[in-house]
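Whatever order the structure lists them in is the order used to number ligands and atoms, beginning at 1. If you read the sequence from its start, that first residue is 1, and numbering goes on from there. These numbers were taken from a predicted model, which means no experiment stands behind them.
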Amino acid sequence: MNIMAKQVYNDYFFDEPAWNTHDGGYVPLEEPTTPQQKLHVPAVLQPDKETATDMYYTVTAQEGESQLLPGPKTKTWGYNGSLLGKTIIFKRGKKIHITLKNDLHELTTFHWHGLNVPGPYIDGGCHAPVYPGESSDIEFVCNQPAATLWLHAHPCPSTAQQVWHGLATPVVVQDEDEAKLPLPRNYGVDDFPLVLQDRNFHEDNQWDYQADYDPDGVQGKTPMINGTINPYVDVTTQRVRLRVLDGANRREFRLHFSDGLEFAQIASDGGILPEPVYFTKVMMTCAERDEFIVDFGKYHDGDEVALMSDDVALVHFRIHAFAKDDTKLPDHLVDIPELPVTPGSETRHVIMSGMDEEVAIDGKKFNMQRIDARQKVGDVVLWDITNTNDMVGGMIHPFHIHGTQFLVVSRNRHAPYPNERGWKDTVSVNPDEHVQIKVRFEYTGVYMYHCHIIEHEDGGMMAQIESYDPEHPKTYKLMDMDTLMNAFAKENHVDPKDLWLGGMGSYEKMGMKM
Ligand code: C2O
Ligand code: CU
Ligand code: CU
């Protein structure tokens with residue numbers, strides 16, 4: 001038998017100087033000094049009702065308190081719980097009905113990041129507010145490959161603040177192709193979601209978004225994983241699957257194990273990769289999801305190894321006795337279609353520029369009522385996305401499109417990173433780089449696209465595209481900023497002129513109206 005040497009990458013899959021030249025506001029992580037706590041594994045959200053073809057759920061945004069540190073509890077927000085939320089599992093092919101309930105004191109929206117659904121209302125961006133005490137019903141057919149997606153709040157320009165309070169939760173799509181692969185999938189036993197975030201704790205263990213505000217993205221020095229500070233996981237099987245989400249507002253995570261353990265990536269944002277990618281280090285930027293298989297076969301009962309970002313431990317893995325499981329990952333996992341570009345379609349150029357309050361897309365700030373681009377539904381169009389920040393002090397902008405999964409074609413005309421050969425909905429664009437992707441919308445609708453440093457998005461580094469069907473033209477009722485701002489002011493009992501929302505300053509400083 002001719003066994004080809006397996007390739008193991010030892011670089012981070014990104015442009016190293018790009019993150020070494022952080023802006024002045026960069027906050028490094030610090031290891032928590034509080035005792036280790038068992039990682040919180042979110043429960044699975046149970047359906048209200050289920051038939052052979054349909055699933056019914058209620059998702060409630062609510063406020064609560066969480067014991068994060070010793071001492072006073074922290075005021076937090078979550079979905080069907082006090083912080084983050086339950087894991088929502090959709091089976092491919094089912095019709096999904098969801099009641100979206102808002103028990104917060106202010107408006108919110110429910111955005112299904114990574115789900116192929118019609119925009120802009122089901123998609124849940126800024127055009128679909130649910131006011132406090134109210135609810136709204138959506139339905140869609142789940143028809144996309146198995147993947148780890150997420151749900152998060154998306155009201156403009158307060159997305160960053162609401163996500164910071166805790167409105168983010170994992171969504172898992174399951175399908176038959178994934179079910180056939182030899183992968184761990186016993187949820188909570190050998191298959192764990194890991195939502196990576198960071199927070200600062202102020203007086204009485206509280207979060208203070210406004211005090212920590214930075215137009216280039218709010219950061220905290222304390223890592224928080226699934227809402228647990230300084231977590232450990234009990235490892236009871238040789239192989240473990242980690243569904244990792246960079247759920248931070250601004251932070252990149254540069255992941256590796258404390259002893260350099262090799263691990264494999266088997267899925268990216270939108271599903272399983274064509275083949276596993278083996279490495280010792282990988283970087284994730286905001287909103288990206290990577291699924292990893294970690295083989296703990298060389299450890300023994302009582303050992304411990306940590307998943308790190310830079311020199312700070314994020315999760316401690318405590319090894320216990322486990323049954324031997326030398327299952328190898330197949331060389332080939334799934335087929336990814338070619339997606340040929342539609343003949344005659346013109347390349348779409350998108351320019352992300354600026355930092356701080358000056359961030360913009362194509363020189364403009366987001367306007368909720370302006371449709372910036374149009375693309376025919378079903379067409380495959382090449383998008384060329386440029387980050388004009390230069391290397392010195394520039395930032396990586398993670399570029400995201402709603403309502404679709406795309407394929408990465410190239411980075412500065414070179415091949416994409418080996419772990420970018422599958423479906424993605426968010427791609428990091430390094431300073432001074434242009435990334436080409438192939439984009440197709442399956443449904444008509446208005447969809448947002450933006451930098452996923454959430455404060456950049458709130459600050460206007462966002463635009464929207466209409467996916468249209470020339471045979472069936474549609475018009476959309478698009479929300480306007482005054483309506484949302486006045487509602488926020490009223491709900492928070494302040495005069496509209498005294499209202500503070502993170503992204504507002506970016507418009508005001510540039511002398512623009514939202
Ligand atoms: Cu995570 Cu506009 O989305
Ligand atoms: Cu999204
Ligand atoms: Cu950005």
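- Taking the six-membered ring for Trp, Phe406 and Phe399 have ring centres at least 6.0 Å apart.
- Taking a cut-off of 2.8 Å, the protein N, O or S atoms nearer than that to the Cu ion (ligand 3) are His397 ND1, Cys451 SG, His456 ND1.
- Taking the six-membered ring for Trp, His111 and His402 have ring centres closer than 6.0 Å.
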Evaluate the criterion side-chain contact (heavy atoms from CB on, under 4.5 Å) for residue pair Tyr131 and Leu107; output intermediate values, then yes/no.
-> CA-CA 4 Å; Tyr131 294 96; Leu107 71 94; 3.9 Å; yes

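- Tyr213 has its ring centre less than 6.0 Å from the ring centre of Trp500.
- Around the CD atom of Gln174, the shell of radius 6.0 Å holds more than 12 heavy atoms that belong to other residues, nucleotides or ligands.
- At a cut-off of 2.8 Å, measuring from atom 2 (Cu) of ligand 1, the protein N, O or S atoms that fall short of it are His154 NE2, His402 NE2, His450 NE2, waters left aside.
- Side chains of Glu139 and His97: a donor-acceptor N/O pair is present below 3.5 angstrom, by distance only.
- With a 6.0 Å cutoff to the six-membered ring centre and a 45° limit on the axis angle, Arg374 counts as a cation-pi contact of Tyr468.
- Counting heavy-atom neighbours within 6.0 Å of Lys376 NZ, excluding the residue itself, gives a total of 12 or less.
- At least one N/O/S atom of His111, whether from backbone or side chain, sits less than 2.8 Å from the Cu ion (ligand 2).
- For Lys94, the NZ atom is densely surrounded, since the number of other residues' heavy atoms within 6.0 Å is greater than 12.
- Summarising the local packing, NZ of Lys490 is surrounded by 12 or fewer heavy atoms from other residues, nucleotides or ligands at distances under 6.0 Å.
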